[in-house]
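A quick write-up on the structure given underneath.
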Amino acid sequence: MAYFENIGKINYEGARSTNPYAFKFYNPEEKIGGKTMEEMLRFGVAYWHTFTEDLSDPFGVGTAIRPWDKFKGMDLAKARVEAAFEFFEKLGVPYFCFHDIDIAPEGDTLRESNQNLDTIVAMIKDYMKDSKTKLLWNTANNFTNPRFVHGAASSSSADVFAYAAAKVKKQLEIGKELGGENYVFWGGREGYETLLNTDMKLEMDNLGRFFHMAVDYAKEIGFDAQFLIEPKPKEPTSHQYDFDVASGYAFLQHYDLQDHFKFNIEANHATLAGHTFEHELHYARVNNMLGSVDANQGHPLLGWDTDEFPADLYSTTLAMYEILKNGGLGKGGLNFDAKVRRGSFEPEDLFHAHIAGMDSFAVGLKIAQKLLDDNVLEGIVDNRYSSYQQGIGKDIVEGKTDFHKLEDHAYGLTTIAQPSGRLEQIRATINQYLLTAYAGE
Ligand code: XUL
Ligand code: CO
């Protein structure tokens, strides 16, 4: 059965195409900097936003019209798998991602939930045999069910800690079964509401213990996925333990986990933390911790996680610049952790949204590669720090100075000449690149 009957394969038609069901900029085979767009961008579809999301919000019920919603229970789960692979095929997307409860309904007991998962995973595995779409990552949803009200690995209840571990254990087994390239931990409830009832030290120590047990179990079963922490500063709790990349990295180092994890960086989480998307990518990159990306964008006027599809070309350009400087994403990818707006309720909107997101990152890739090829930003940065290439600067960098030497140097200074930062000129240059890249096409 077809769920998107009126929609065919989405093809690349070029920048001037007026066909809404065509890519204007994402040309999977086009080579940029020696790699095809498909190899470089590694797009993924998020199962939860695309196949289970009903578009409800705190003030209103779901509006989504989804042809598979006529089914219930396990039949619904099976229909979603059929719809998902039809969607992946038509979009030509290389990856997908899911939480356990996105693909199979929870049963009355853990055993029953795992049986439901086994049935659906077998079906997914079967579909994957005839599909080029692979598993970018899976994860355990340890935040939706009321049992996680006080947290999961950081819960005040040891029973909940054990339950959360059992769910992650099962997902690690499923990741291995489906050939998942990464495994994600987003600490949905790993944080706290108030210190008045919280033992923060115990909670963080437990979180560290939990991650070590996950690393050990993956090793035990021979699952070699890259483990990823997905930082988020708040929502649902007011204080999340993995606030941003910097605090997550400190946590990983403190608990001696830094060699087993990288970061999955989500644009909207970065902005919620008061950072830019590129700040988080950059921080991870320079520490060799950039693993994967949840590609979305927040609404600039709203202070919560709106998970919009990315369409801001300036942001995708600066993000792709970081990714190119990182030498790509390795096993990671660009997963659209993004949902259509409540008013975009038709099934077709799922295609329009992904096309918009894929085209936006394709533009970002092309512009970022041009900026690199022309040495635009690198040249500016090198020039700005040129004082560290000779004289006292070289001594500082090479560790050949101390405060006595530096004081002597400072006493000898009559003037300090520093060049302008030229931010406005840099922005104008980026605009020039954005506007001229497709001029002839
Ligand atoms: C929530 C979020 C999650 C993670 C996976 O803000 O981003 O969907 O990506 O649990
Ligand atoms: Co996410």
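As the structure is a computational prediction, the values presented were derived from the model and not from experiment. Counting convention: from 1, in listed order, for ligands and their atoms alike.
Comment: Glu235 engages Lys232 in a salt bridge, judged by a side-chain N to carboxylate O separation of less than 4.0 angstrom. Ion pairing between a basic and an acidic side chain is recognised when a charged N comes within 4.0 Å of a carboxylate O; Glu38 and Lys132 show such pairing.
At least one test fails for Arg66 against the ring of Phe51: distance under 6.0 Å to the centre or angle within 45° of the axis.
Put simply, the side chain of Asn11 never gets that close to the backbone of Ala22: no donor and acceptor are under 3.5 Å apart.
Near ligand 1, residues Trp48, His99, Trp137, Trp186, Glu230, Lys232, Glu266, His269, Asp294, Asp305, Asp337 each place a heavy atom inside the 4.0 Å sphere around the ligand atoms.
Residue His150 qualifies as open at atom NE2: its count of foreign heavy atoms under 6.0 Å is 12 or below. At most 12 non-hydrogen atoms from other residues, nucleotides or ligands lie less than 6.0 angstrom from CZ of Arg384.
Listing protein N, O or S atoms at distances below 2.8 Å from the Co ion (ligand 2), with waters left out, gives Glu230 OE2, Glu266 OE1, Asp294 OD2, Asp337 OD2.
The CD atom of Glu13 lies 4.5 Å from the CG atom of Asn19; values are rounded to the nearest 0.5 Å.
A donor-acceptor contact under 3.5 angstrom links the side chains of Asn335 and Asp294, judged on distance only. Using a 3.5 Å distance cut-off with no hydrogens or angles, the side chains of Ser238 and Glu193 do pair a donor with an acceptor.
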